[in-house]
Amino acid sequence: MIRFVTTNKGKLQEAERILAGIGTDVEMLSMEYPEMQGESLKEVVLFGLNWLRQKVEGDVIIEDSGLFVESLGGFPGVFSSYVFKTLGMDGILKLMESEKTRRAHFESCIGLLVDDEAVTFGGTCEGTISERTRGSKGFGYDPIFVPKGESRTFGEMETDEKNKISHRGDAFRKLAGYLQSR
Ligand code: ITT
């Protein structure tokens with residue numbers, strides 16, 4: 001069993017599906033931790049883990065993710081959570097209204113605190129931003145992100161399909177490999 005400190009049930013579900021593959025149960029620890037405004041997701045994760053070190057007992061994971069839109073200079077990136085709550089998906093689509101270059105990618109960074117040591121695992125997923133929202137599965141920006149090689153958005157995919165190609169799937173498979181090798 002491993003504890004996942006997150007407030008996002010969508011993330012939890014994706015993590016559960018992958019870690020079930022190695023026989024590891026995931027328990028949600030729904031609490032907020034400070035997300036410093038860093039340059040990279042890894043910085044944010046390491047800061048969060050360090051803060052949690054004094055607050056929780058035992059081994060835990062956290063995960064920080066972001067959507068990086070090329071024509072917007074990587075925005076919203078590390079500000080993805082704030083931008084989702086303020087501008088939202090419609091705001092992103094509006095910013096890109098006349099934009100032909102729609103390339104974007106998602107990044108995920110998992111931080112694991114194990115035996116008081118911090119280890120990180122990264123994952124990415126290339127794709128494009130759709131012209132309009134499509135689908136209601138998943139969470140967050142899923143309805144406007146079309147992964148490379150697909151015509152559907154993540155919002156039109158089941159969890160297992162998304163996991164196979166997503167940034168989070170990529171990162172959680174690396175974590176699974178690490179946990180198995182210990
Ligand atoms: P935590 O409690 O785990 O921090 P959160 O929802 O705040 O949950 P993040 O800060 O990692 O998570 O997320 C940044 C934003 O990017 C947030 O608005 C998410 O909804 C969105 N996001 C992250 N991963 C996503 C994914 O796989 N698909 C769509 N949107 C995603």
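Note that this is a predicted model, so its numbers are computed, not measured. In listed order, ligands and their atoms are each counted from 1.
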| request: Answer with yes or no whether the side chains of Glu63 and Ser108 bring together a donor and an acceptor at under 3.5 Å. | output: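 Their side chains do contain a donor-acceptor pair, which is all the 3.5 Å distance test asks for.
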Mark the output for [X] as yes if a heavy-atom distance to ligand 1 is under 4.0 Å, and as no if none is.
X: Phe139; answer: yes
X: Glu35; answer: yes
X: Leu67; answer: no

Suppose we measure from [atom] to each protein heavy atom; which comes out shortest, and what is that distance?
atom: atom 13 (O) of ligand 1; value: Ser65 O, 3.7 Å
atom: atom 28 (N) of ligand 1; value: Asp142 OD1, 2.5 Å
atom: atom 17 (C) of ligand 1; value: Ser81 CA, 3.9 Å
atom: atom 12 (O) of ligand 1; value: Lys11 NZ, 3.0 Å
atom: atom 24 (N) of ligand 1; value: Arg168 NH2, 2.8 Å
atom: atom 2 (O) of ligand 1; value: Thr7 OG1, 2.7 Å

So if I count the atoms of ligand 1 from 1 in the order they appear, which ones are less than 4.0 Å from some heavy atom of [X]?
X: Gly140; answer: 20 (O), 29 (C), 30 (N)
X: Tyr141; answer: 16 (O), 21 (C), 29 (C), 30 (N)
X: Thr6; answer: 1 (P), 2 (O), 3 (O), 8 (O)
X: Ser80; answer: 14 (C), 15 (C), 16 (O), 18 (O)
X: His167; answer: 24 (N), 25 (C), 26 (C), 27 (O)
X: Asp64; answer: 9 (P), 10 (O), 11 (O)
X: Lys162; answer: 26 (C), 27 (O), 28 (N)
X: Asn8; answer: 6 (O), 8 (O)

key: Any N or O of Glu14 closer than 3.5 Å to N or O of ligand 1   =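 So ligand 1 has no N or O lying under 3.5 Å from an N or O of Glu14.
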Taking non-hydrogen atoms only, is Glu32 closer than 4.0 angstrom to ligand 1 via side chain, backbone, both or neither?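 Within the 4.0 Å criterion, Glu32 makes no contact with ligand 1.
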Exercise. Side chain, backbone, both or neither: which part of Phe84 has a heavy atom under 4.0 Å from ligand 1?
Worked result: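 The answer is the side chain of Phe84.
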- Measure the spacing between CG of Leu72 and CG of Leu67 and express it to the nearest 0.5 Å.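 Nearest 0.5 Å value for the CG-CG distance: 9.0 Å.
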Taking atom [atom1] as the centre, does [X] end up with more than 12 heavy-atom neighbours from other residues, nucleotides or ligands that are less than 6.0 angstrom away?
X: Lys148; atom1: NZ; result: no
X: Arg103; atom1: CZ; result: no
X: Tyr82; atom1: OH; result: no
X: Gln37; atom1: CD; result: yes

TODO: Apply side-chain contact (heavy atoms from CB on, under 4.5 Å) to the pair Leu19 and Phe4, showing each step before the final yes or no.
DONE: CA-CA 11 Å; Leu19 295 179; Phe4 186 4; over 6 Å; no
*Nearest non-hydrogen partners of Arg152 and Pro147, listed with the distance*: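 The pair with the smallest heavy-atom distance is O-CD, 3.5 Å.
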- request: Anything under 30° is parallel, anything over 60° is perpendicular, the rest tilted; go ahead and classify Phe68 against His105.
  value: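 Judged by the thresholds at 30° and 60°, the geometry between Phe68 and His105 is parallel.
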Using the side-chain hydrogen bond (donor to acceptor under 3.5 Å, both in side chains) rule, pick out the option among Asn163, Thr159, Asp160 that qualifies with Arg17.
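Looking at Asn163, Thr159, Asp160, the match for Arg17 under the side-chain hydrogen bond (donor to acceptor under 3.5 Å, both in side chains) is Asp160.
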May I ask you to test the Lys137-Asp142 pair for a side-chain heavy-atom distance under 4.5 Å?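 They are not in contact (no side-chain heavy atoms under 4.5 Å apart), so the answer is no.
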Find out whether Leu49 and Tyr33 are in side-chain contact, i.e. whether some heavy atom of one side chain is under 4.5 Å from a heavy atom of the other.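 No, every pair of side-chain atoms sits at 4.5 Å or beyond.
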